[in-house]
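Below is one structure, written out as structure tokens, with a few remarks after it.
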Amino acid sequence: MARVNLGASCFCDGRHARPAFARIDLPCRLAPCATGAALDLGYGRSTTVWSNRDAQVRYEGLSGHTLSLYTRGGSGTRRIDRGAKAAGVDRGWQGAICLMPQGQVSEWEISERFEFFHLHLPDEELRLAYSEICGRDARGLALADLTYIDAPRMIAPFRALWAATEAADPFAAETAMSELLASLFADRIWARRWRVLCRAGSRRANCGF
């Protein structure tokens, strides 16, 4: 049984729902959803290893932001709500990255087993990280709903965070998360899709804006 910190209501096949941002015991009796390792990083930040197959999943009312990596498979997974058209990509793949911002609603159809990894961050924690890494005012930062992005520079820190989660090592996870967020903020692939209304400020890192 894994303890998992959820930042959304998730409806799998319409048979069960989980309350928003609730800490619950999840015995995973309700296949196809399943959780693997999970790590609480404090201040509402958490990581979770997931797997799923043969399902439709709907996320509603996300409390906080979720950054995800497809770690195995993904070609049998596609987004079927209105946001799918904006993504411009029909299906996932191993190494695909998604960002589901706070309050986002999305629906997914899964026809083949795949595994994926989530980093969940409360809004205030992501903004704090942005300010610390980029030296900019994050009050005007607005995150876009991004589906199936190819961002090779983010893969290594994402995998390091995944390994730290599997090892239940919060210190290694903290380091990997900082590297991952620095890559996120610096990658122009993501920056072009964000609406950034920040005041001009110093750059302690090249944040791509």
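Computation of the quantities below employed the complete heavy-atom set of this structure, encompassing side-chain atoms and omitting hydrogens, waters and symmetry-equivalent molecules.
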Quick one: does [X]'s side chain get under 4.5 Å of [Y]'s, heavy atoms only?
{"X": "Leu67", "Y": "Met100", "result": "no"}
{"X": "Phe117", "Y": "Thr48", "result": "no"}
{"X": "Arg136", "Y": "Tyr130", "result": "yes"}
{"X": "His118", "Y": "Trp50", "result": "yes"}
{"X": "Ile110", "Y": "Asp54", "result": "no"}
{"X": "Leu41", "Y": "Thr47", "result": "yes"}
{"X": "Arg45", "Y": "Glu174", "result": "yes"}

Closest heavy-atom pair and its distance - Arg113, Ser51: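 Answer, listing the atom of Arg113 first, then Ser51: NH2-OG, 3.5 Å.
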Any idea which heavy atoms bring Pro122 and Gly44 closest together, and the distance?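 Closest approach of Pro122 to Gly44: CD-O, 3.4 Å.
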Answer with yes or no whether the hydrophobic clustering places Leu143 together with Ile149; edges join I, L, V, M, F, W, Y residues whose side-chain heavy atoms lie under 4.5 Å apart.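 Yes, because Leu143 and Ile149 connect within a single hydrophobic cluster, where side-chain heavy atoms sit under 4.5 Å apart.
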In terms of hydrophobic clusters joined by side-chain contacts under 4.5 Å, are Trp93 and Phe114 together?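 Cluster IDs for Trp93 and Phe114 match.
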Are side-chain N/O atoms of Thr147 and Arg79 paired as donor and acceptor at under 3.5 Å?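 Yes.
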About how many Å separate [atom2] of [Y] and [atom1] of [X], when rounded to the nearest 0.5 Å?
{"X": "Leu184", "Y": "Leu99", "atom1": "CG", "atom2": "CG", "value": "7.0 Å"}
{"X": "Thr165", "Y": "Leu39", "atom1": "OG1", "atom2": "CG", "value": "5.0 Å"}
{"X": "Asp145", "Y": "Gln104", "atom1": "CG", "atom2": "CD", "value": "3.5 Å"}
{"X": "Glu132", "Y": "Ser178", "atom1": "CD", "atom2": "OG", "value": "8.5 Å"}
{"X": "Asp123", "Y": "Gln102", "atom1": "CG", "atom2": "CD", "value": "4.5 Å"}
{"X": "Ser106", "Y": "Ile80", "atom1": "OG", "atom2": "CD1", "value": "10.0 Å"}

Would you sort out whether Ile155 and Ile97 count as a side chain to side chain contact (heavy atoms under 4.5 Å, CB included), showing the intermediate values? CA-CA 9 Å; Ile155 297 298; Ile97 296 174; 4.2 Å; yes
Where at least one partner belongs to residues 98-112, residue pairs that pass salt bridge (charged side-chain N to carboxylate O under 4.0 Å, His left out), sequence neighbours excluded: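 Passing the test, one end in residues 98-112: Arg58-Glu107, Arg78-Glu109.
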Per-pair distances, 0.1 Å, donor-acceptor, side chain in residues 68-76, under 3.5 Å, sequence neighbours excluded:
residue : atom : partner : partner atom : Å
Tyr70   : OH   : Tyr148  : OH           : 3.3
Thr71   : OG1  : Glu115  : O            : 3.1

Is there a donor-acceptor contact under 3.5 Å from the side chain of Arg127 to the main chain of Glu124?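 A pair under 3.5 Å: no.
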Strictly distance-based, threshold 3.5 Å: is any side-chain N or O of His120 a donor or acceptor partner for the main-chain N or O of Ser63?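 Pair found, side chain donor or acceptor close to backbone of Ser63.
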Does the side chain to side chain contact (heavy atoms under 4.5 Å, CB included) test come out yes or no for Thr77 and Asn52, once each step is laid out? CA-CA 10 Å; Thr77 301; Asn52 210 338; over 6 Å; no
Applying side chain to side chain contact (heavy atoms under 4.5 Å, CB included) to Thr66 and Leu119, what does each step give before you reach the verdict? CA-CA 6 Å; Thr66 300; Leu119 167 63; over 6 Å; no
Give the intermediate values and the outcome of side chain to side chain contact (heavy atoms under 4.5 Å, CB included) for residues Arg159 and Met154. CA-CA 9 Å; Arg159 288 190 175 277; Met154 294 179 63; over 6 Å; no
